[in-house]
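A quick write-up on the structure given underneath.
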Amino acid sequence: ARGLIDNEEMARHLTAKYFAKVNLMDDALGQLLAEVRKLGLDDNTLIVFTADHGNMLAERGRWFKSVMYEGSSRIPLIIKAPTRSPHAAAFNRGRVVSEVVENIDIMPTLMEVIGLPIDQQPGIQGRSLANLAAGRDPNWKNVAYAELVGPQMVRTAGYKLIKNPPRRRTEAGDYELYDMVRDPKEDHNLAADPREAAILAELKAKLEAWQQTTPPPPRIEQFTKAR
């Protein structure tokens, strides 16, 4: 089936090619940054490097994406602000941010960097990363949610809860709970561990509340007023 792999030789071959493409992208990104500097455009060019999913690379006998484990759900995110931006000092110092962030945080981040902050406007579910990058956001939400056609996930700094669709419940159970600090490879499902019952209930409630959230369509006032 697509997404499953049980041939070790094939997995090694494909993984080597995958890493080669990662190196290719590293080189291409370096060339892009160098060219932007060479053309004198780095003072007003905002650069974002990210992706919409990862790849399991044969972990758990899986390939591609479509699951909520780290190999599939964790992605790169690099942001370089224009050098003349007041946010350049925060974003361009090579700092690695370890807090949990989401793709929905990117759009409000870009809007703030270009001088049109929208965090507080109705319908905006993400939060700008500007203060987090500057080390000035002690109350960062530190949680991410995800959903595919079937599985759902809530990820905090300490734990991950996966809610499985019916077709996977015979394999992994209704829920999978992982301690992401002690078990970053997600080898030990704690969903049935009575010692983790409080965490399980808390994350179930978070996931359910997220599912029930129905924000209005975003309306970017700065743009709509200009029309």
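Given the structure is predicted, the values throughout are model-derived calculations rather than measurements.
Other residues, nucleotides and ligands contribute at most 12 non-hydrogen atoms within 6.0 Å of the CG atom of D6. For R93, the CZ atom sits in a packed shell: over 12 heavy atoms of surrounding residues, nucleotides or ligands are nearer than 6.0 Å.
Paired with M68 under the rule side-chain contact (heavy atoms from CB on, under 4.5 Å), one option of Q152, K163, M153 passes, and it is M153. Among R74, R155, R127, K141, the single residue meeting the salt bridge (Lys or Arg N to Asp or Glu O under 4.0 Å) criterion with E102 is K141.
Between L46 atom CG and F91 atom CZ the span is 8.5 Å, to the nearest 0.5 Å. Annotation: the span from L129 atom CG to T109 atom OG1 amounts to 3.5 Å, rounded to 0.5 Å. Atom CG of D42 sits about 9.0 Å away from atom CG of N92, to the nearest 0.5 Å. Going from atom CD1 of I47 over to atom NZ of K80 covers 5.5 Å, rounded to the nearest 0.5 Å. Note that the CZ atom of F64 and the CD1 atom of I5 stand 8.5 Å from one another [nearest 0.5 Å]. With rounding to the nearest 0.5 Å, the separation of CG in L200 from CG in L161 is 6.0 Å.
Proximity of W140 to N131: side-chain heavy atoms (C-beta onward) are nowhere separated by under 4.5 Å. With a 4.5 Å cut-off on side-chain heavy atoms, L32 and V36 count as touching. Counting only heavy atoms from C-beta outward, the side chains of S73 and K160 approach each other to under 4.5 Å.
Side chains of E147 and Y145: no donor on one and acceptor on the other come within 3.5 Å. Between the side chains of Y159 and E196, a donor-acceptor pair is found at a separation under 3.5 Å.
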Walk me through whether Y178 and N189 qualify under side chain to side chain contact (heavy atoms under 4.5 Å, CB included).
CA-CA 6 Å; Y178 297 103; N189 182 4; 4.2 Å; yes

Do L57 and Y18 pass the side chain to side chain contact (heavy atoms under 4.5 Å, CB included) test, and can you show the C-alpha distance, the side-chain angles, and the key distance before you say yes or no?
CA-CA 8 Å; L57 296 181; Y18 187 93; 3.6 Å; yes

Between D187 and K185, does the salt bridge (charged side-chain N to carboxylate O under 4.0 Å, His left out) criterion hold? Intermediate values first, please.
CA-CA 6 Å; D187 291 326; K185 293 292 187 180; over 6 Å; no

Could you give me the CA-CA distance, side-chain angles and deciding distance for W210 and V143, then say whether side chain to side chain contact (heavy atoms under 4.5 Å, CB included) is met?
CA-CA 11 Å; W210 177 69; V143 63; over 6 Å; no

Evaluate side chain to side chain contact (heavy atoms under 4.5 Å, CB included) for L77 paired with I106, printing each intermediate quantity in order.
CA-CA 9 Å; L77 176 58; I106 296 175; 3.9 Å; yes

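Heavy-atom minimum distance, D43 versus R84: O-CG, 2.7 Å. Between R95 and L132, the shortest heavy-atom distance links the atoms NH1-O, 3.0 Å. Minimum interatomic distance between P216 and P122 (heavy atoms only, all atoms of both residues): CG-CB, 4.0 Å. Nearest heavy-atom pair across A88 and T83 is CB-O, 3.7 Å. Nearest approach of V113 to P82, heavy atoms of both residues: CG1-CD, 3.9 Å. In this structure, D52 and N103 approach most closely via the heavy-atom pair CA-ND2, 4.3 Å.
Clustering ILVMFWY residues whenever any of their side-chain heavy atoms sit less than 4.5 angstrom apart, transitively, puts L29 in a cluster other than the one holding I79. Taking hydrophobic clusters as Ile, Leu, Val, Met, Phe, Trp and Tyr residues chained together by side-chain heavy-atom distances below 4.5 Å, I124 shares a cluster with V48. In the hydrophobic clustering of this structure, I75 does not group with M25; members are Ile, Leu, Val, Met, Phe, Trp, Tyr whose side-chain heavy atoms approach within less than 4.5 Å, directly or through other members. The same ILVMFWY cluster, assembled from side-chain heavy atoms under 4.5 Å apart, contains both L110 and V101. When hydrophobic clusters are built by joining Ile, Leu, Val, Met, Phe, Trp and Tyr residues whose side-chain heavy atoms come closer than 4.5 Å, directly or via intermediates, M107 is grouped together with V97.
Listed for the N164 side chain is a donor-acceptor partner under 3.5 Å among the backbone atoms of G173. At least one donor-acceptor pair closer than 3.5 Å links the side chain of T50 to the backbone N or O of P76. N142 contributes no side-chain N or O that, together with a main-chain N or O of E99, makes up a donor-acceptor pair within less than 3.5 Å. Of the possible donor and acceptor atoms, none in the side chain of D105 sits under 3.5 Å from a partner among the backbone N and O of S128.
Remark: E208 does not engage K204 in a salt bridge, criterion side-chain N to carboxylate O under 4.0 Å.
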